[in-house]
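See below for the structure under consideration.
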Amino acid sequence: MKTNHTSLGPKADKETVRRHNLSLVLRAVRDEGEATRAGVAARVGLTRAAVSSLVEQLLDSGFLSESGKTFSGQAGRPGTVLKVTRSGPAGIGVEINIDYVSVCVVDLSGTDRVRLTEHLDNRGAAPAEVLARGARIAARTLDSAAEQDLSPVGVQLALPGLVAGGTVRQAPNLGWNQVPAEELFAAALAEAGPAAPALPVRSENEANLAALAELWFGGLGGIRSFLYLSGEIGVGGALVLDGELLRGANGFAGEIGHVVVDADGPLCRCGARGCLEQYAGQSALLRGAGLDENAGVPGVAELEALARDGDERAVAAIGEAGRMLGRVLSGAVNLFDPDAVVLGGIYRGLMPWLSPPADGELTDRVVSGLWPYDSGRLRASSSAGDAARGAAALVVRAVLADPVAYAERTSA
């Protein structure tokens, strides 16, 4: 009987194995913060001699630095301390949202080294101009990064909409359709900073990148499966399962803001009626509190201040948004059973008034009965994580996955 065998691909050669092991060692040092060769060898399961050779290559390429001595209390010579370098390869994250642009540079350790944010209304502006605004801010971060001996190797855009293949297929709150965001941004960045080398540009949904930032930098502890909501003018969402982002068949998973709450409700910019963001988005919250729904960040700050002062209309508006959030979230929890739901963006500052009604809806509607009220499973996002930082960190993770490729680029 003839047996068909599926090809497993070519056997890994010595160079492929070494590149893999260089990544293992670099990531081990990054995860530890600081480590010795012996400690790395014990962690990755390689001999000390092999690790020493790999470390020397990473030192020569500028990915690691070495200093001092550490005493383990065991026999033998003390080891030198290894750390990922504070200079060299870095990532740039650019979040372009409805009413602000935020750019940051992250080094190999994941530290946010440069941050520039400008609050401006991007609605009604041509996509090319909005992306050019982001590119001009990014060009300024390149200058600041150079002053710190950082060499960004790529740009990751964080965009509020359906993003695939370098194109924003639809971003209702910006009025974008079929916008070649990566191409336009790359051209604008080349024009804004012609002296700098051309950087590869990639793009992703902003809620997805904020969720990854929460996973990598937030205070989730051992939680690896969670639903993340980003509250802005729109309501974005992302689902992380066992530490991996769920993208869906076409990369569009997580659009919870366009779950229909009431089919006869107000018209949404997406063309449907009664979407969640019409009840729990920034405009709906401000309008419900009697504030200017186009006031942006100052309006949200005023809303928080009114709620702290016990203003009945403000508290009621936030409470109604919380109830609507809880109803939609309960369906998602019933479907995916995450360990936690994390609320970010403008929701983080509104949690004292938003969380109780949302948590109550979850307690009443999660069919497993495993969502007791005030259990801590509904939580605010960490201040350490946001879409721009998640975007920059995604670039850095590519460097950590194959340092040889980026050593070749930066030395070219």
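A donor-acceptor pair is defined here as one N or O able to donate and one able to accept, closer than 3.5 Å; such a pair exists between the side chain of Ser330 and the backbone of Arg327. Of the possible donor and acceptor atoms, none in the side chain of Ser61 sits under 3.5 Å from a partner among the backbone N and O of Phe63. Side chain of Asn21 to backbone of Val44: no donor-acceptor contact under 3.5 angstrom is found. Using a distance-only test at 3.5 Å, with no hydrogens or angles considered, a donor-acceptor pair links the side chain of Ser23 to the main chain of Leu400. Under a 3.5 Å cut-off, the side chain of Arg377 and the backbone N or O of Pro338 do form a donor-acceptor pair. With hydrogens and angles disregarded, no donor-acceptor distance shorter than 3.5 Å links the side chain of Gln156 to the backbone of Gly91. Between the Arg389 side chain and the Ala384 main chain, a donor and an acceptor come within less than 3.5 Å of each other. Asn334 places a side-chain N or O within donor-acceptor distance of the main-chain N or O of Val367, the cut-off being under 3.5 Å. A side-chain donor-acceptor contact under 3.5 Å links Asp359 to the backbone of Asp374. Distance alone, capped at 3.5 Å, places no donor-acceptor pair between the Arg348 side chain and the Gly231 backbone.
Between Gly93 and Ala392 the shortest heavy-atom distance is N-CB, 3.4 Å. When every heavy atom of Pro160 is checked against every heavy atom of Ala171, the shortest pair comes out as O-CB, 3.3 Å.
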**Message:** The test is salt bridge (charged side-chain N to carboxylate O under 4.0 Å, His left out); show your working for Asp402 and Arg19 and say whether it passes.
**Reply:** CA-CA 7 Å; Asp402 188 8; Arg19 289 175 81 134; 2.9 Å; yes

**Message:** Using salt bridge (charged side-chain N to carboxylate O under 4.0 Å, His left out), reason through Arg113 and Glu147 one step at a time and then give a plain yes or no.
**Reply:** CA-CA 11 Å; Arg113 298 282 294 278; Glu147 292 172 359; over 6 Å; no

**Request:** Using the side-chain hydrogen bond (donor to acceptor under 3.5 Å, both in side chains) rule, take Asn173 and Glu277 through it: C-alpha gap first, then chi angles, then the decisive distance, then the call.
**Result:** CA-CA 11 Å; Asn173 289 308; Glu277 71 176 43; 3.2 Å; yes

**Prompt:** Step by step, would you call Glu118 with Arg140 a salt bridge (charged side-chain N to carboxylate O under 4.0 Å, His left out)?
**Reply:** CA-CA 12 Å; Glu118 289 191 7; Arg140 283 158 42 203; 2.9 Å; yes

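Contact check for Leu325 versus Leu276: side-chain heavy atoms found under the 4.5 Å cut-off.
Sorted by first and then second residue, the pairs that involve residues 82-104 and meet salt bridge (charged side-chain N to carboxylate O under 4.0 Å, His left out), not counting sequence neighbours, are Glu34-Lys83. Here salt bridge (charged side-chain N to carboxylate O under 4.0 Å, His left out) pairs that include residues 160-171, with residues two or more places apart or in two chains, number zero.
Residues forming a side-chain hydrogen bond (donor to acceptor under 3.5 Å, both in side chains) with Asp386 (at least two apart in sequence, or on another chain): Arg115. Qualifying side-chain hydrogen bond (donor to acceptor under 3.5 Å, both in side chains) partners for Asp31, counting only residues two or more places apart in sequence or in other chains: Arg43.
Salt-bridge check for Arg323 with Glu361: failed, with every basic side-chain N at 4.0 Å or more from each acidic carboxylate O.
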List, one per line, each side-chain donor-acceptor pair under 3.5 Å for residues 302-310, sequence neighbours excluded.
none

Using residues 241-266 as the side-chain source, report each donor-acceptor pair under 3.5 Å to any protein atom, sequence neighbours left out, with the distance given to one decimal.
from	atom 1	to	atom 2	distance (Å)
Arg247	NH1	Glu204	OE2	2.1
Arg247	NH2	Glu204	OE2	3.3
Asp262	OD1	Asp264	N	3.0

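Under a cut-off of 6.0 angstrom, the local environment of CD in Gln178 is crowded, with over 12 non-hydrogen atoms contributed by other residues, nucleotides or ligands. More than 12 heavy atoms of other residues, nucleotides or ligands shown are found within 6.0 angstrom of CD on Glu56.
Side-chain polar atoms of Arg18 and Ser53 form a donor-acceptor pair below 3.5 angstrom. For Asp107 and Gln148, the side-chain atoms include no donor-acceptor pair closer than 3.5 Å.
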